[in-house]
Amino acid sequence: MAHVSVRRSNDLPACSRCNGPLILAAQMPQLDASGNPITLELCAACDAGDTAAGVLVRFFTSGAANDTSRAHEGAELLLAFQKEIMAAHGYVLVDNPGPAAAFPPHTGMPPKGVG
């Protein structure tokens with residue numbers, strides 16, 4: 001399993017798409033096809049559409065993220081956002097993978113990245 005660390009920061013980088021402020025930025029332990037780290041970005045300007053990212057933007061910008069009674073809802077929205085971004089990079093999050101023996105052994109090239 002890849003090592004994942006979470007670091008909170010008040011100094012997020014600018015959005016790579018519009019150069020505006022980000023709500024969330026996360027660097028995944030995997031590399032993309034070009035060998036660059038996969039970065040998840042959530043931007044109020046770029047992700048305001050009818051996607052999982054858009055729903056999460058509205059959750060954060062409405063102040064709902066400050067309501068502890070809505071923590072479960074926020075966690076579900078973050079999971080949907082993660083699945084959407086992973087799919088855009090060719091990955092699939094398996095909710096309940098079951099026993100490891102259920103998967104065929106990997107016979108291809110070793111995956112890039114940590115893990």
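If you read the sequence from its start, that first residue is 1, and numbering goes on from there.
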| request: Taking Gln27 for its side chain and Pro37 for its backbone only, find out whether a donor-acceptor pair lies under 3.5 Å. | output: no

| message | Test your reading of the model: is there a side-chain donor-acceptor pair from Arg70 to the backbone of Ala65, 3.5 Å cut-off? | response | no

| field | Value rounded to 0.5 Å, distance of CG in Leu78 from CG in Leu56 | value | 5.0 Å

Donor-acceptor pairs are to be reported for all side-chain atoms of residues 15-23 against protein atoms at under 3.5 Å, with residues two or more places apart or in another chain.
residue: Ser16; atom: OG; partner: Glu41; partner atom: OE1; Å: 2.9
residue: Ser16; atom: OG; partner: Glu41; partner atom: OE2; Å: 3.4
residue: Arg17; atom: NH1; partner: Asp47; partner atom: OD1; Å: 2.9
residue: Arg17; atom: NH2; partner: Asp47; partner atom: OD2; Å: 3.0

| Do Phe81 and Ile85 come close enough that some side-chain heavy atom pair is under 4.5 Å? | yes

| Do Lys83 and Leu79 have side chains that get closer than 4.5 Å, going by heavy atoms? | yes

| request: With sequence neighbours left out, write down each residue that passes side chain to side chain donor-acceptor pair (under 3.5 Å) with Thr51, or none if nothing qualifies. | output: none

| request: Can you see which heavy atom on Cys43 is nearest to which on Val57, and at what distance? | output: O-CG2, 3.8 Å

| Run the side chain to side chain contact (heavy atoms under 4.5 Å, CB included) check on Phe60 and Leu42 step by step: do they pass? | CA-CA 10 Å; Phe60 280 116; Leu42 187 64; 3.9 Å; yes

| field | Side-chain H-bond candidate by donor/acceptor type, Asn36 with Ser34, under 3.5 Å | value | no

